[in-house]
Amino acid sequence: ASQEPDPVDIRSAKRHMGDVGVVVEHYNSRPEIGVVQRQDSPIIGLKNFNNWVKSVLITRYAHPALETSAVRSEGRGRARGKVLDMGCGKGGDITKWAKASVKELLAADIAAVSVNQARNRWEGLRGPRFDATFAALDCYTEPLSKAFAPAKLAQPFDVVSMQFCMHYAFESLQKARCMLDNVSRYLRTGGVFIGTIPNSELLLEHLDAIPPDSKDISFGNSIYRITFESRDVRPMFGQKYWFFLKDAVENVPEYIVRWDNFVQLAAEYGLHAIYKEEFHQVFSENQDHHEFKPLLVRMKVVDNDGASAMDEDQWEAANIYIAFAFEKR
Ligand code: SAM
């Protein structure tokens, strides 16, 4: 007879997995619910807005790099360029890469279940197909060459994208270096590195605003909460907090990414910052754009009358993040 594991054993196993284990467990166990059920999420407005920001970032920074790509397909019309999606998750950006008419995509994530869902999403794409290779890899401790054959890496990338995932690498200098090496090693000169990460300045401002005698070192609202591990310790790497976002993230350990620290380290890998903006600012800069304004309606961020799908708490949570772009020189 099969034996159920003792819940106490599971708890202690989880403790021994460490933070990476908790992150993998969390993302692997989140069900794939499909687009229709997704619309029932209590934070669907925020999810749609995050997706719109990624679309804006990809259109503004990835499309030009793909257009100047050396990898042009012969006889396949408009297809152009090669992308690495690191921390691809369930493949939430696959359709954005299809719209960008990429020729080839390599996608990796530490959560193997998510990687399979991403591959399924690619297989289910309608319209013109592009080549794609998916791999499970801890991109912050292992080189890309462990997951992808040399032939897959021979032609450099035009774009490397890391959406809502780079901050997990800031647990240690060693991990941040491994991540940046993976970003830069196969990125062509003139290629771009884009991403979205929590806004360290905002997070630390909130931490400073917590009264010194308060035992609770957290802040948030009805849909999100950030709980710091410690009030005083401010290391360059490994400054931990737990993130809770209703219907999305359940108290997963994350790390502060100090922007200046990140920029300095990235420069060692030939990566130079060309854009950094808070999500609220991304919205105000692009909400009236001829292409991104109708996209707000199509992506259900606002309705036909221009009313937002986000309540105030979701709008506040949206600005936890910043979007960035770097150029390889
Ligand atoms: N980029 C996707 C998106 O925008 O929909 C997924 C974002 S999800 C919030 C964060 C992802 O980071 C998870 O899929 C997680 O497994 C991945 N991740 C965390 N640590 C990682 C690591 N060491 N190597 C690769 N992926 C990692």
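Computed over heavy atoms, backbone and side chain alike; hydrogens, waters and symmetry mates excluded.
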Enquirer: If you look at every heavy atom in Met86 and Met179, which pair is closest and at what distance?
Expert: CE-O, 3.6 Å
Enquirer: Mark yes when over 12 heavy atoms from residues, nucleotides or ligands other than Arg185 sit less than 6.0 Å from its CZ; otherwise mark no.
Expert: no
Enquirer: Leu265 and side chain to side chain contact (heavy atoms under 4.5 Å, CB included): which single residue from Arg177, Met236, Arg258 fits?
Expert: Arg177
Enquirer: With salt bridge (charged side-chain N to carboxylate O under 4.0 Å, His left out) as the test, would you mind laying out the steps for Asp260 and Lys276 before giving the verdict?
Expert: CA-CA 11 Å; Asp260 294 345; Lys276 175 211 177 201; over 6 Å; no
Enquirer: For Arg329, does the CZ atom sit with more than 12 other heavy atoms under 6.0 Å from it, leaving out its own atoms?
Expert: yes
Enquirer: Can you classify the ring geometry of Phe219 versus Tyr224 as parallel (below 30°), tilted (30 to 60°) or perpendicular (above 60°)?
Expert: perpendicular
Enquirer: Looking at Pro198 and Tyr321, what are the two nearest heavy atoms and their distance?
Expert: N-CD2, 3.6 Å
Enquirer: Evaluate the ring planes of Tyr186 and Phe157, with Trp represented by its six-membered ring, and classify them as parallel (under 30°), tilted (30 to 60°) or perpendicular (over 60°).
Expert: perpendicular
Enquirer: For Glu278 and Asn319, indicate whether the former's side chain and the latter's backbone hold a donor-acceptor pair under 3.5 Å.
Expert: no
Enquirer: Using 0.5 Å steps for rounding, measure from the OG1 atom of Thr196 to the CD1 atom of Ile320.
Expert: 12.5 Å
Enquirer: Okay, side chain of Asp158, backbone of Leu66: is any donor-acceptor separation there less than 3.5 Å?
Expert: no
Enquirer: For Phe324, which of Phe262, Tyr61, Phe279, Tyr275 qualifies under ring-ring contact (aromatic ring centres under 6.0 Å, His included)?
Expert: Phe262
Enquirer: Knowing that exactly one of Pro212, Ser218, Pro211 qualifies, which makes a side chain to side chain contact (heavy atoms under 4.5 Å, CB included) with Ser214?
Expert: Pro211
Enquirer: Find out whether Phe237 and Lys175 are in side-chain contact, i.e. whether some heavy atom of one side chain is under 4.5 Å from a heavy atom of the other.
Expert: no
Enquirer: Locate the shortest heavy-atom distance separating Val252 from Val249; write the atom from each residue and the value.
Expert: CG2-CG1, 3.6 Å
Enquirer: Side-chain contact test, heavy atoms from C-beta onward, threshold under 4.5 Å: evaluate it for Trp315 versus Leu46 and give yes or no.
Expert: no
Enquirer: Surrounding CD of Gln264 (heavy atoms of other residues, nucleotides or ligands, distance under 6.0 Å), is the total greater than 12?
Expert: no
Enquirer: Tell me whether Ser69 contacts the main-chain N or O of Ala65 through its side chain, where contact means a donor paired with an acceptor under 3.5 Å.
Expert: no
Enquirer: Measuring only between side-chain heavy atoms, which start at C-beta, is Trp52 closer than 4.5 Å to Asn286?
Expert: yes
Enquirer: Is there a side-chain contact between Arg231 and Ile210 in this structure, where contact means two heavy atoms from C-beta onward sitting under 4.5 Å apart?
Expert: yes
Enquirer: Using a strict cut-off of less than 4.0 Å between a Lys/Arg side-chain nitrogen and an Asp/Glu carboxylate oxygen, indicate whether Asp311 and Lys246 qualify as a salt bridge.
Expert: no
Enquirer: Could you tell me if Arg129 sits above the aromatic ring of Trp122, with its cationic atom closer than 6.0 Å to the ring centre and no more than 45 degrees from the axis?
Expert: yes
Enquirer: Taking the side chain from Lys96 and the backbone from Gly92, do they hold a donor-acceptor pair closer than 3.5 Å?
Expert: yes
Enquirer: Do the side chains of Lys47 and Asp247 get close enough for a salt bridge, i.e. N-O under 4.0 angstrom?
Expert: yes
Enquirer: As an exercise, state the distance from CZ of Arg121 to OG of Ser114, rounded to the nearest 0.5 Å.
Expert: 10.5 Å
Enquirer: Around atom CD of Glu291, are there more than 12 heavy atoms from other residues, nucleotides or ligands closer than 6.0 Å?
Expert: yes
Enquirer: Are Leu203 and Phe244 joined in one hydrophobic group, where the rule is that I, L, V, M, F, W and Y side chains link up if heavy atoms are under 4.5 Å apart?
Expert: no
Enquirer: From His167 NE2 over to Met162 CE, what is the distance, rounded to the nearest 0.5 angstrom?
Expert: 9.5 Å
Enquirer: Give a yes-or-no answer on whether the side chains of Ser161 and Gln163 include a donor-acceptor pair shorter than 3.5 Å.
Expert: yes
Enquirer: Should Val263 and Leu271 be counted in the same cluster of Ile, Leu, Val, Met, Phe, Trp and Tyr side chains packed under 4.5 Å apart?
Expert: yes
Enquirer: Less than 4.5 Å apart, side chain to side chain, heavy atoms only: is that true for Phe164 and Ile197?
Expert: no
Enquirer: Write down the atom of Leu57, the atom of Gly195, and the distance for their closest heavy-atom approach.
Expert: CD2-O, 3.5 Å
Enquirer: Distance-only, no hydrogens or angles: does the Asn199 side chain make a donor-acceptor pair with backbone N or O of Ile322 under 3.5 Å?
Expert: no
Enquirer: Which residue, Val83, Leu105, Asn51, forms the side chain to side chain contact (heavy atoms under 4.5 Å, CB included) with Asp93?
Expert: Asn51
Enquirer: Side chain of Asp131, backbone of Glu104: donor and acceptor closer than 3.5 Å?
Expert: no
Enquirer: May I ask you to check whether over 12 heavy atoms, not counting those of Gln174, lie within 6.0 Å of atom CD?
Expert: no
Enquirer: Whether Lys240 engages the ring of Tyr255 as a cation-pi pair (distance to the six-membered ring centre under 6.0 angstrom, angle to the ring normal within 45°) should be assessed.
Expert: no
Enquirer: Taking side chain as C-beta onward, heavy atoms only, is Tyr140 less than 4.5 Å from Cys165?
Expert: yes
Enquirer: Kindly say whether Leu144 contributes a backbone atom to a donor-acceptor pair with the side chain of Asn182 at under 3.5 angstrom?
Expert: yes
Enquirer: Can you name the nearest heavy-atom pair linking Gly89 to Asp109, along with the distance?
Expert: N-OD2, 2.8 Å
Enquirer: Compare all side-chain heavy atoms of Tyr241 with those of Ile256 and state whether any distance is below 4.5 angstrom.
Expert: yes
Enquirer: Would you check if the side chain of Asp303 reaches a backbone N or O of Ala307 as a donor-acceptor pair within less than 3.5 Å?
Expert: yes
Enquirer: Tell me if a side-chain donor or acceptor on Lys90 pairs with a main-chain N or O of Val115 at a distance below 3.5 Å.
Expert: no
Enquirer: If you take all heavy atoms of Leu125 and Ala98, which pair is closest and at what distance?
Expert: CD1-CB, 4.1 Å
Enquirer: For Glu312, does the CD atom sit with more than 12 other heavy atoms under 6.0 Å from it, leaving out its own atoms?
Expert: no
Enquirer: Roughly how far, to the nearest 0.5 Å, is the CG atom of Asn48 from the CD atom of Gln314?
Expert: 9.5 Å
Enquirer: Are Arg60 and Phe292 in a cation-pi contact, defined as NZ or CZ under 6.0 Å from the six-membered ring centre and within 45° of the axis?
Expert: no
Enquirer: Quick one: does Tyr269's side chain get under 4.5 Å of Lys328's, heavy atoms only?
Expert: no
